[in-house]
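Computed over heavy atoms, backbone and side chain alike; hydrogens, waters and symmetry mates excluded.
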Amino acid sequence: MGAHNLTGTTLLQNGVYSKGTAYSEEERAALHLKGLLPPVPATISMQVEAMMEQLRAFDTPFQKALFLDGLRSSNETLYFRLLLEHIEEVLPLVYTPTVGEVCQKFSHLFRFAKGLYLSIEDKGHVSEILENLPQEAVDMIVVTDGQRILGLGDLGINGMGIPVGKLALYTACAGVDPRRTLPVILDVGTNTERYLNDPLYLGHKHPRVSGQEYDDFIEEFFQSVYKKWPKCVVQFEDFGNNHAFDLLARYRSRYCCYNDDIQGTASIVVSGFFSAMRAKKSKLSNEKILFLGAGEAATGVAGLIADAMVEDGLSREDALARLYLFDSKGLVTTTRGDTLAAHKLPFAKDIPSVKDFEEAIRTLRPTAIVGLSAQSGAFTESIVKAMTEINERPIVFALSNPTSKAECTAEQAYTWSDGKVLFSCGSPFDPVTYKGKTYVPRQGNNSYVFPGIGLGAILAQCKEITQEVFLSAAHTCADMVTEDDLAHGSLYPSLTRVREISHLVAVNIIKLALATGQAQIEAPADIEKFVTDNMYTPDYE
Ligand SMILES: NC(=O)C1=CN([C@@H]2O[C@H](COP(=O)(O)OP(=O)(O)OC[C@H]3O[C@@H](n4cnc5c(N)ncnc54)[C@H](O)[C@@H]3O)[C@@H](O)[C@H]2O)C=CC1
Ligand SMILES: CC(=O)C(=O)O
Ligand SMILES: [Mg+2]
C-alpha cells in the first residue's frame, strides 16, 4: 500500500487515501474529482471541527464510537487527526470503556472490514490468506483469540474490537503508520453460550479448541507472519491466562513480541508506584503490596515491582516477601492445599491462607492494594477505610476494565479515604472535588506505554523485547509527572502529552536496545530526531 493511482469515485471511496472535501481545485482537476464534491475545498482543521460537532451531537458513547468507526472507514487521516487533537475526549470512545460495549455487540454491528480473521479451520492455509491483505509491509500486529477481553470474559471473535482499538492508539499516541499495522483475531471458537446461541454471531460456533491443535495453529501463525514480515513486532492481547504465559515463554526470545496484559500493564503500574513514592516521599523498598487478582496483570505487575525493588536495593527474596496475591480462592499461600499455577508460585507465602480480603488487609497491613481482578466494587468502603487507618497515604489502584469492572470509583476512593488516597484507575474517571480540593485521577492503563514500546521496538528492530524495556518505560513515564500533577493527585502525566511520552519511551528503548545488543540497526547520529522523523502524523500527502 504505497503511493496510489486512484481517481474519481474510486479514490473518494477509499478510506485509506481519500481526503474527502479537502482536495484543492488543482487536485480535483487532476484526479477527476470535479463535480463529485461540494465546491468549496475544506482544510483538515475545518473537517475536524465539523466532525467534532457531529460527534458531540450523539447522546451515548456507544453511538459516538459507531460514528467514529464510520469516519475511519471514509477518511482514515481525518480520523487520526481528530483522535490526536482531541485525545482526552475521544480515547474513551475508541478504547476502554466504550470498546468493551463495542466488542460485546461486534457481530451485530459489523460494517467495515479491517484486519485479519484467521480461524482454526484455516490451519494449513495461513500463508495463503496473508496474501489477501492489502498491506505490503507490516510493522505492528496486535493479536488476540478473544478469550479474556478486558474483564468481560470470552467474547470469541467479537474481541476483534480490542486489536483494532489498541492499534488505533499505536497510531494516535505514538505515530505508528496505520497502513503498516494489522489487527488479528484468531477464531478458535468460544465457550460463551450466548454467542453460541446467537444467530447473528459471526465466529465459528464451537467450543474453544485448545491443546496441540491450538498450539500448532499459533505456531503456523507466527511462522507465516515472520516469513512475510521478518521485522514486525507482535503484541499478544487479552488471551486467557491458560495460554498467555505459555505463549509468551514460547515466543519471547524467538520473535520480537510481548504480552501487553502481563508486561505492558506491569510497566505502567510500576510507573504509578514511582510517582506514588514521590508523593509520599518514600522508597519502593518500603512498600508492602497486596494484589486483588493473581492472573496475567497482577503477576506481571508483581514481577516487575520485584525488579524495581531490587533496583532500589532489596534482595530478590526480600522483594518477593513484600508482594502478596489474593485470588478467587483467597490469599495465595503454599498452605492452601491446591496446586498453584506457575505464575503465582514466586509470590505464594508460607503462612495460613485467609478467605476474606479485608481480613487479609487487617492481618498483613499493606501499604498498597492493587485491583486486577475484574471484580466490580470489590474495594468496599470498609476496605478503603481500613487502608486509611493503617496508612497516612494509602495506595489504592482500581485497575480492572472496563469501568463496570472497576474495584471502586475515583469518587469512592477519595471520599472514603478523606482525600488521603493515592489513586489510579484502569478506565477513565472524571476529576473529583472533595472538601474544596479537586483531584485528577489518571489511568494506570498500559495505553500510556505500549504505543511507545512498540514504536521503539520497531525502530530499533529489536531481536527481542526484554524485561528491562518495561522498567525503562516505567521510569520514562514517571519522570514526566510534574509537581503540579502530583499536587492534584495524578500519578501519570496528562494524556495530552502522550505523543511526547511515546517519543521518549521509544528513544530510551532504542538506547537500551543499542546498549544491550538487542538492536539490529546502526546507532542513529541523533536518536531523538530519528524517532521524530519516523513518527506518522495525520496530514494529507
Ligand atoms: N489497567 C490496565 O492496564 C489493565 C487492566 N487489566 C484488567 O485486569 C483484570 C484482570 O485481567 P487479567 O489479569 O489479565 O485476568 P486473569 O484472568 O489472568 O486474572 C484474573 C484474576 O482475578 C482473580 N479473581 C477472580 N475473581 C476473584 C475474586 N472474587 N476475588 C479475588 N480475585 C478474583 C482470578 O483468580 C485471577 O487470578 C481485567 O479486568 C482487565 O481488564 C488487565 C490488563 C491491563
Ligand atoms: C487495558 C487492558 O489491556 C486490559 O484491560 O486488558
Ligand atoms: Mg488487555
Side-chain angles (χ1 to χ4, degrees), residues 1-3 16 19 43-45 48 76-88 90-91 135 137-142 166-181 229 231-233 235 256 258 264 267-268 271 446-462 465 468-482 492-516 518-541:
M1 261 194 318
V16 174
K19 303 183 190 182
T43 61
I44 197 163
S45 303
V48 169
E76 193 164 85
T77 314
L78 176 56
Y79 168 85
F80 283 114
R81 183 65 166 254
L82 181 145
L83 224 65
L84 187 57
E85 290 185 5
H86 296 273
I87 190 93
E88 278 186 305
V90 180
L91 202 71
Q135 288 92 334
V138 168
D139 294 330
M140 191 73 223
I141 289 176
V142 177
K166 292 258 173 188
L167 283 165
L169 267 58
Y170 270 102
T171 298
C173 303
V176 174
D177 186 340
R179 288 163 293 195
R180 299 170 69 100
T181 64
W229 302 298
K231 291 176 183 164
C232 78
V233 178
Q235 169 177 327
C256 184
Y258 73 104
S267 181
I268 198 57
S271 188
N446 46 37
S447 57
Y448 267 107
V449 287
F450 73 70
I453 290 172
L455 179 67
I458 291 166
L459 294 180
Q461 295 178 21
C462 285
I465 307 184
E468 292 77 44
V469 163
F470 300 96
L471 208 47
S472 157
H475 279 294
T476 306
C477 185
D479 289 347
M480 295 187 72
V481 175
T482 64
Y492 297 102
S494 166
L495 253 188
T496 53
R497 297 176 68 198
V498 72
R499 291 281 280 211
E500 205 188 324
I501 300 167
S502 299
H503 179 268
L504 205 53
V505 165
V507 165
N508 289 338
I509 286 172
I510 294 168
K511 287 181 183 167
L512 179 68
L514 288 164
T516 55
Q518 289 297 333
Q520 300 184 90
I521 54 165
E522 291 294 316
D526 180 341
I527 297 180
E528 280 79 8
K529 184 170 181 308
F530 170 65
V531 175
T532 307
D533 291 348
N534 281 287
M535 284 171 81
Y536 159 92
T537 41
D539 287 319
Y540 293 131
E541 281 161 16

How far apart are the closest heavy atoms of [X] and [Y], and which atoms are they?
X	Y	result
Y536	V176	CB-C, 4.3 Å
G264	V449	O-CG2, 3.7 Å
P538	I44	O-CD1, 3.9 Å
F80	A172	CD2-N, 4.2 Å
G454	M140	CA-SD, 4.2 Å
F530	P524	CD2-CG, 3.6 Å

With sequence neighbours left out, what residues match [X] under side chain to side chain contact (heavy atoms under 4.5 Å, CB included)?
X	answer
R499	L84, M535, T537
A519	A460, A513, L514, I521
S472	T476, N508, I509, L512
A457	V233, C256, C462, I465

Exercise. Tell me, do E88 and S494 make a side-chain contact under 4.5 Å, heavy atoms counted?
Worked result: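 Answer yes - side chains close enough.
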Problem set entry | Any side-chain heavy-atom pair of P493 and I501 under 4.5 Å | yes
Problem set entry | Criterion side-chain contact (heavy atoms from CB on, under 4.5 Å) against I510, the qualifying member of I527, L455, V505 |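 The passing option is I527.
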[X]: what forms a salt bridge (Lys or Arg N to Asp or Glu O under 4.0 Å) with it, not counting sequence neighbours?
X	answer
E541	R179
D526	none
K511	E528

Problem set entry | Under the ring-ring contact (aromatic ring centres under 6.0 Å, His included) test, residues paired with Y79 that sit two or more places apart | none
For this session: Could I get the full list of ring-ring contact (aromatic ring centres under 6.0 Å, His included) partners for H503, not counting sequence neighbours?
Result: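 If we apply the ring-ring contact (aromatic ring centres under 6.0 Å, His included) test to H503, skipping adjacent residues, there are no hits.
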Problem set entry | Gap separating the CD atom of Q135 from the CG atom of D177, nearest 0.5 angstrom |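 It comes to 10.0 Å.
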Seminar exercise, completed: By side chain to side chain donor-acceptor pair (under 3.5 Å), Y540 pairs with (sequence neighbours left out) Q47, N75
Exercise. Who pairs with Y170 by side chain to side chain donor-acceptor pair (under 3.5 Å), at least two apart in sequence or on another chain?
Worked result: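 Applying side chain to side chain donor-acceptor pair (under 3.5 Å) to Y170 gives Q235, Y258.
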For this session: Any pair with a residue in residues 500-510 that passes salt bridge (charged side-chain N to carboxylate O under 4.0 Å, His left out), sequence neighbours left out, goes on the list, sorted by first then second residue, please.
Result: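 Sorted pair list: R497-E500.
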For this session: Please lay out, stage by stage, how Y448 and L495 fare under the test side-chain contact (heavy atoms from CB on, under 4.5 Å).
Result: CA-CA 8 Å; Y448 267 107; L495 253 188; 4.1 Å; yes
Exercise. Between M480 and L504, does a side-chain contact (heavy atoms from CB on, under 4.5 Å) hold up when you go through it step by step?
Worked result: CA-CA 10 Å; M480 295 187 72; L504 205 53; 4.1 Å; yes
Exercise. Given the rule in the side-chain contact (heavy atoms from CB on, under 4.5 Å) test, do D539 and T77 qualify, once you have shown the distances and angles that lead to the verdict?
Worked result: CA-CA 7 Å; D539 287 319; T77 314; 5.7 Å; no
